[in-house]
Amino acid sequence: MKYSALKGIQDILPPDIHIWQKVEFTALEIFRKYGFQEIRLPIIESTDIFIRSIGETTDIVEKEMYTFPDKAGRSITMRPEGTAPAVRCYVEHHLYNLPSPQKFFYSGPMFRYERPQKGRFRQFYQIGVEAFGVSHSSMDAEIISMLRNLLEGIGLKEVNFEINSIGCDKCRPDYRNALLNFFKSRLSDFCPDCQRRYELNPLRILDCKVERCIELRQGAPLVTDHLCSECREHFDELIFRLQTLKIPYTLNPNLVRGLDYYTRTAFEVTSEHLGAQKAVAAGGRYDKLVEEFGGPQTPAIGFAIGMERIVTLLKETWTEDHPAPKVFIATLGKEAEIEGFKIAEDLRAKGLWVEPNYGGASLKSQLRKADRIDAEFAFIIGENELKAGKVQWKNLKKSEQGEVEIKNILTLLT
RNA sequence: GUGGGCGUAGCUCAAGGGCAGAGCACUGGACUGUGGCUCCAGUGGUUGCGGGUUCGAGCCCCGUCGCCCACCCCA
């Protein structure tokens with residue numbers, strides 16, 4: 001093989017593309033009902049918007065970004081996620097002057113230089129939504145409900161909604177200290193990764209998969225026991241709303257977020273039908289980020305859907321037929337071929353998918369092709385039909401055949 | 001970045017150190033202008049790449065590249 005796509009970067013072909021389009025179309029329809037409007041964001045941005053927002057010490061920033069200097073020496077990064085560009089856009093265009101809330105969605109590729117594995121690629125697609133300007137938990141409940149409706153709308157079953165609150169900059173430091181205190185005495189028993197997490201991001205220890213670490217962290221303080229009264233109230237209200245809407249959820253006090261900008265509500269949708277990378281969507285609040293980007297104090301919340309993972313799940317149960325032509329036109333001889341070409345154009349003008357035979361071949365091979373591409377009808381046009389102004393039609397699904405005058409073709413097909 | 005598994009025809013996979021094969025797909029024929037089913041034939045390979053051991057390597061050894069899975073991290 002002389003050339004192939006880069007590691008972790010893949011082509012998306014039919015028939016997969018039909019599943020992608022179904023997800024995108026459904027999302028469009030559902031977002032419209034919730035007043036989320038599309039924005040199109042650049043794929044490359046100034047590097048610092050990601051460093052500032054995602055966090056300097058995260059793996060994404062430290063080793064996973066596609067960063068390069070442009071011709072003028074400016075540091076450019078291919079977006080590893082969508083929230084930072086969305087916030088940059090919101091602030092840059094002073095969208096906070098428009099009536100609040102402002103609700104947006106976007107979709108497109110993200111880039112992270114990681115080792116590929118199941119459900120993880122270097123170029124991967126997300127649909128993201130962001131809602132700016134509402135701190136009340138009714139907004140949290142709304143977007144979680146919207147996400148559920150979307151997943152239901154595309155026919156995704158057996159997913160778990162996990163939610164948590166990770167507090168705000170008022171209460172999280174207290175919780176962090178409580179955690180550090182708890183782990184301090186037995187730190188040397190934890191795995192090397194956790195010892196590193198202790199320094200870098202102790203909340204992540206709660207997330208460790210090593211058996212020994214899971215045992216050791218039994219009895220660790222829970223973030224939900226350390227929330228300040230405002231965060232507590234916000235979280236309780238969200239849970240109440242979810243119950244009102246009968247949205248099934250699991251409280252997971254060990255659910256943490258990898259990106260630094262999150263506050264309060266954190267949630268994740270997972271599936272057991274994927275590999276280790278089982279999150280199909282995730283999101284949360286980021287009430288401080290707009291300010292950090294130089295905008296006014298503006299609460300916000302959003303989530304992102306991992307397209308490849310959704311498509312993987314949908315493929316398991318996909319039963320829809322692939323799109324197929326209505327008519328294949330088989331012809332014999334040059335004159336018939338030209339007549340067939342004209343008929344194809346006429347039928348297309350009426351909205352039908354028609355495949356001509358592009359030159360000549362034996363009738364047998366033309367019909368074989370009609371069968372292979374799953375056409376519903378085959379038309380046969382030869383000298384006899386030309387003279388009579390008719391075509392032979394053949395319904396390939398029902399194995400029926402007959403003759404029809406060219407001017408009456410449409411009534412046959414509808 | 002770390003660990004494990006796997007690289008043979010377009011696809012799925014065989015081949016005990018001894019002639020590189022099958023099924024599917026593709027093209028044609030049986031059937032002169034009628035698809036699917038069946039039968040027959042044909043096209044298609046530097047066995048990922050490079051080196052080594054051997055009379056002889058798809059197979060054993062070393063290196064390298066690629067893919068997959070897991071860790072880290074994350075949608």
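Only this structure's heavy atoms are used, side chains among them; waters, hydrogens and symmetry mates stay out. Lettering of chains follows the sequences in order, A, B, ..., and the numbering in each one begins at 1.
For RNA chain B, each stem of at least three Watson-Crick or G-U pairs (distances under 3.5 Å) is given as range with range: B:1-7 with B:65-71, B:10-13 with B:21-24, B:26-30 with B:38-42, B:48-52 with B:60-64.
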Scan nucleotides 23-26 of chain B against the protein and return all N/O pairs shorter than 3.5 Å with their distances rounded to 0.1 Å.
residue	atom	partner	partner atom	Å
B:rA25	O3'	A:Arg372	NH1	3.4
B:rC26	OP1	A:Arg372	NE	2.7
B:rC26	OP1	A:Arg372	NH1	2.1

Using atom names, set out every protein N or O paired with an N or O of nucleotides 30-34 of chain B below 3.5 Å, distance rounded to 0.1 Å.
residue	atom	partner	partner atom	Å
B:rC31	O2	A:Lys364	NZ	3.4
B:rG33	O6	A:Asn384	N	3.3
B:rG33	O6	A:Asn384	OD1	3.4
B:rG33	O6	A:Asn384	ND2	2.8
B:rG33	N1	A:Glu385	OE1	2.9
B:rG33	N1	A:Glu385	OE2	3.1
B:rG33	N2	A:Glu385	OE2	2.7
B:rU34	O2	A:Lys394	NZ	3.1
B:rU34	O2	A:Gln401	OE1	3.4
B:rU34	N3	A:Gln401	NE2	2.6
B:rU34	O4	A:Gln401	NE2	3.1

Just the table, please: protein N/O against nucleotides 64-67 of chain B N/O, every pair under 3.5 Å.
residue	atom	partner	partner atom	Å
B:rC67	OP2	A:Lys7	NZ	3.1

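Counting only residues at least two apart or on different chains, the side chain to side chain donor-acceptor pair (under 3.5 Å) pairs with a member in residues 6-20 of chain A are A:Asp16-A:Lys315. Evaluation of the side chain to side chain donor-acceptor pair (under 3.5 Å) test over residues 216-225 of chain A, restricted to residues two or more places apart or in two chains, returns none.
Side-chain to base pairing of A:Asp371 with B:rG35: one donor and one acceptor N or O lie within less than 3.5 Å of each other. Judged by distance alone, with hydrogens and angles left aside, A:Ser399 brings a side-chain donor or acceptor within reach of the base of B:rG36, the pair sitting under 3.5 Å.
A donor-acceptor pair is defined here as one N or O able to donate and one able to accept, closer than 3.5 Å; no such pair exists between the side chain of A:Lys288 and the backbone of A:Thr263.
B:rG48 sits 32 Å from B:rA41 when the C1' atoms are compared, rounded to a whole Å.
Within residues 405-414 of chain A, no residue has any heavy atom under 4.0 Å from RNA chain B. Applying a 4.0 Å cut-off to non-hydrogen atoms, the residues of residues 303-317 of chain A that approach RNA chain B are A:Gly306, A:Arg309, listed by residue number. For RNA chain B, none of the residues of residues 76-88 of chain A falls under the heavy-atom distance limit of 4.0 Å. Within residues 101-119 of chain A, the residues that have a heavy atom under 4.0 Å from RNA chain B are, in order of number, A:Arg112, A:Glu114, A:Arg115, A:Gln117, A:Lys118, A:Gly119.
With sequence neighbours left out, A:Ser107 forms a side-chain contact (heavy atoms from CB on, under 4.5 Å) with A:Ile127. Every residue meeting the side-chain contact (heavy atoms from CB on, under 4.5 Å) condition with A:Asp70, not counting sequence neighbours, appears here in chain and number order: A:Ala72, A:Arg74, A:Ile76.
Taking the ring centroids of A:Tyr198 and A:Phe183, they lie at or beyond the 6.0 Å cut-off.
Among the candidates A:Ile247, A:Leu251, A:Thr250, the single residue satisfying the side chain to side chain contact (heavy atoms under 4.5 Å, CB included) test with A:Ile163 is A:Leu251. Partner of A:Asp374 under the salt bridge (charged side-chain N to carboxylate O under 4.0 Å, His left out) criterion, out of A:Lys397, A:Lys369, A:Lys326: A:Lys397 alone.
Each of A:Gln10 and A:Lys209 lies near RNA chain B, and the nucleotide nearest A:Gln10 is the one positioned closer to the 5' end.
Ring-plane geometry between A:Tyr113 and A:Tyr66 is classed as perpendicular, the angle between the planes exceeding 60 degrees on a 0 to 90 degree scale with a lower cut at 30.
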